[in-house]
Chemist: 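My structure is below; once you've seen it, I'll send some questions.
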Amino acid sequence: MPCLDYLSQLREAYPQLEALGAQALAVANGAHYQAQRLMDSGTPFPCLVDPERRLYRALGIERIGWGRFAQPDTWRRYLRSVGKARPGRITGDPRQAPGVVVLAPDRRVLYLHRGTTLGDYPPMAELIEVVRSATRN
Amino acid sequence: MTSDVGDVLPDLLLQNARGEEVPISRFVDRTTVIQCLRYYG
C-alpha cells in the first residue's frame, strides 16, 4: 500500500529529521483504531485523524479524479508498494489524494506537495533537504 | 482556504487516536513534516 510504504520511509528517516531539529506527524481521514495501531506498532510520532478533511481542504489536496484513477501509472505505483506494506482495509475516502507539507513552528507552509494519485509522494531525500534548509536558518 | 508555500495554515482541529479534538498547533512547535495519507488495516 503506497501510503504505508511512504510512512515506513518516514519512520526510517525520523532519526535524521529529529537530528535536524524537526518532527513528523501523520494525518489521515481513516479510522481512529488504525491510527492507534500504527502508533502501537512503533511509529515514533503522532498519527492523527481528520474525518472532515479540514487539513486536506486547507492545503488544497483534492480527491483523485476518476480519469487519473484509471491511468496505468496509478496502478503501477500501487503494485510497486504491495510487496513493501501489507494491504488491509481502507477506511475514509478511498479517492483522497495524498500529500506532504512542511510547516514552520508558526504554521507557515515551507513546502507543499499535493499528490494527484495513489502513492504520489515526493522523494524522501527531497523532503530531508527541505527540512535541512528550514532548520539551518 | 488553499495554502501555498508562504501561507500560514489555520489552527485546524484534528482528532487524536482516541477521537478527541486537538488543535494542530499543539503538535507543531518546531519544523514539522506532515504526511497526509490513507490508513489501512
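Quick caveat, the model's predicted, so the values are computed rather than measured. In what follows, chains are A, B, ... by sequence order, proteins preceding strands, each numbered from 1. Computed from heavy atoms alone, side chains included, the values below leave out hydrogens, waters and symmetry copies.
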Chemist: Between atom CD of B:Glu21 and atom CG of A:Leu48, what is the distance when rounded to the nearest 0.5 Å?
Modeler: 12.0 Å
Chemist: Tell me, out of A:Asp93, A:Leu7, A:Val130, who's got the most heavy-atom pairs with chain B below 4.5 Å.
Modeler: A:Leu7
Chemist: Got a second to check how far A:Asp50's CG is from B:Leu13's CG, nearest 0.5 Å?
Modeler: 10.0 Å
Chemist: The test is side chain to side chain contact (heavy atoms under 4.5 Å, CB included); show your working for A:His32 and B:Gln15 and say whether it passes.
Modeler: CA-CA 8 Å; A:His32 299 94; B:Gln15 294 181 4; 2.5 Å; yes
Chemist: Measure from the side-chain N and O atoms of B:Gln35 to the backbone N and O of A:Ala24, and report whether any donor-acceptor pair falls under 3.5 Å.
Modeler: no
Chemist: Only pairs of heavy atoms separated by less than 4.5 Å count here; which of A:Val100, A:Val102, A:Val101 has the most with chain B?
Modeler: A:Val101
Chemist: Has B:Arg30 got a side-chain atom pairing as donor or acceptor with A:Ala22's backbone, closer than 3.5 angstrom?
Modeler: yes
Chemist: Using non-hydrogen atoms only, which part of A:Leu55 is less than 4.5 Å away from chain B: side chain, backbone, both, or neither?
Modeler: both
Chemist: How many angstroms lie between CZ in A:Arg108 and OG1 in B:Thr31, if you round to the nearest 0.5 Å?
Modeler: 9.0 Å
Chemist: Among A:Arg54, A:His113, A:Glu52, A:Gln36, which residue has the highest count of heavy-atom pairs closer than 4.5 Å to chain B?
Modeler: A:Arg54
Chemist: Start with the C-alpha gap between A:Arg107 and B:Asp7, add the side-chain angles, then the distance that decides, and say whether salt bridge (charged side-chain N to carboxylate O under 4.0 Å, His left out) holds.
Modeler: CA-CA 8 Å; A:Arg107 300 193 308 281; B:Asp7 289 349; over 6 Å; no
Chemist: Please examine the side chains of A:Val49 and B:Leu14, heavy atoms only from C-beta on, and report whether any two atoms are closer than 4.5 Å.
Modeler: no
Chemist: Quick check on A:Ile61 against chain B: is it the side chain, the backbone, both or neither that has a heavy atom closer than 4.5 Å?
Modeler: side chain
Chemist: For A:Gln23, run the side chain to side chain contact (heavy atoms under 4.5 Å, CB included) check against B:Ile34, B:Thr32, B:Val33 and tell me which one passes.
Modeler: B:Thr32
Chemist: Is B:Val22 linked to B:Leu9 within one hydrophobic cluster, defined over Ile, Leu, Val, Met, Phe, Trp and Tyr using a side-chain heavy-atom separation of less than 4.5 Å?
Modeler: yes
Chemist: Would you check, one step at a time, whether the test side chain to side chain contact (heavy atoms under 4.5 Å, CB included) holds for A:Leu59 with B:Cys36?
Modeler: CA-CA 10 Å; A:Leu59 295 174; B:Cys36 300; 4.1 Å; yes
Chemist: In terms of heavy-atom proximity below 4.5 Å to chain B, should A:Leu17 be classed as side chain, backbone, both, or neither?
Modeler: side chain
Chemist: Side chains of B:Asp4 and A:Arg114, heavy atoms from C-beta outward: is any pair under 4.5 Å?
Modeler: yes
Chemist: Examine whether an atom of A:Leu112 lies under 4.5 Å from a heavy atom of chain B, and if so say whether it belongs to the side chain, the backbone or both; otherwise answer neither.
Modeler: both
Chemist: Select one option (side chain, backbone, both, neither) describing which atoms of A:Tyr56 are under 4.5 Å from chain B's heavy atoms.
Modeler: side chain
Chemist: Considering only heavy atoms, which portion of A:Arg95 lies under 4.5 Å from any heavy atom of chain B: side chain, backbone, both, or neither?
Modeler: backbone
Chemist: In terms of heavy-atom pairs under 4.5 Å, which option from A:Ala26, A:Gly30, A:Gly115, A:Ala28 contacts chain B the most?
Modeler: A:Ala28
Chemist: Name the member of A:Pro98, A:Ala104, A:Pro46, A:Pro94 that forms the most heavy-atom pairs with chain B at distances under 4.5 Å.
Modeler: A:Pro94
Chemist: Please, which pairs that meet ring pair (Phe, Tyr, Trp, His ring centres under 6.0 Å) have at least one residue in residues 6-30 of chain A, sequence neighbours excluded?
Modeler: A:Tyr6-A:Tyr121, A:Tyr14-A:Phe45
Chemist: Where does B:Leu12 contact chain A at under 4.5 Å (heavy atoms): side chain, backbone, both or neither?
Modeler: side chain
Chemist: SG of A:Cys47 to CG of B:Leu37: how many Å apart, nearest 0.5 Å?
Modeler: 7.5 Å
Chemist: Tell me, out of A:Val109, A:Val131, A:Leu20, who's got the most heavy-atom pairs with chain B below 4.5 Å.
Modeler: A:Val109
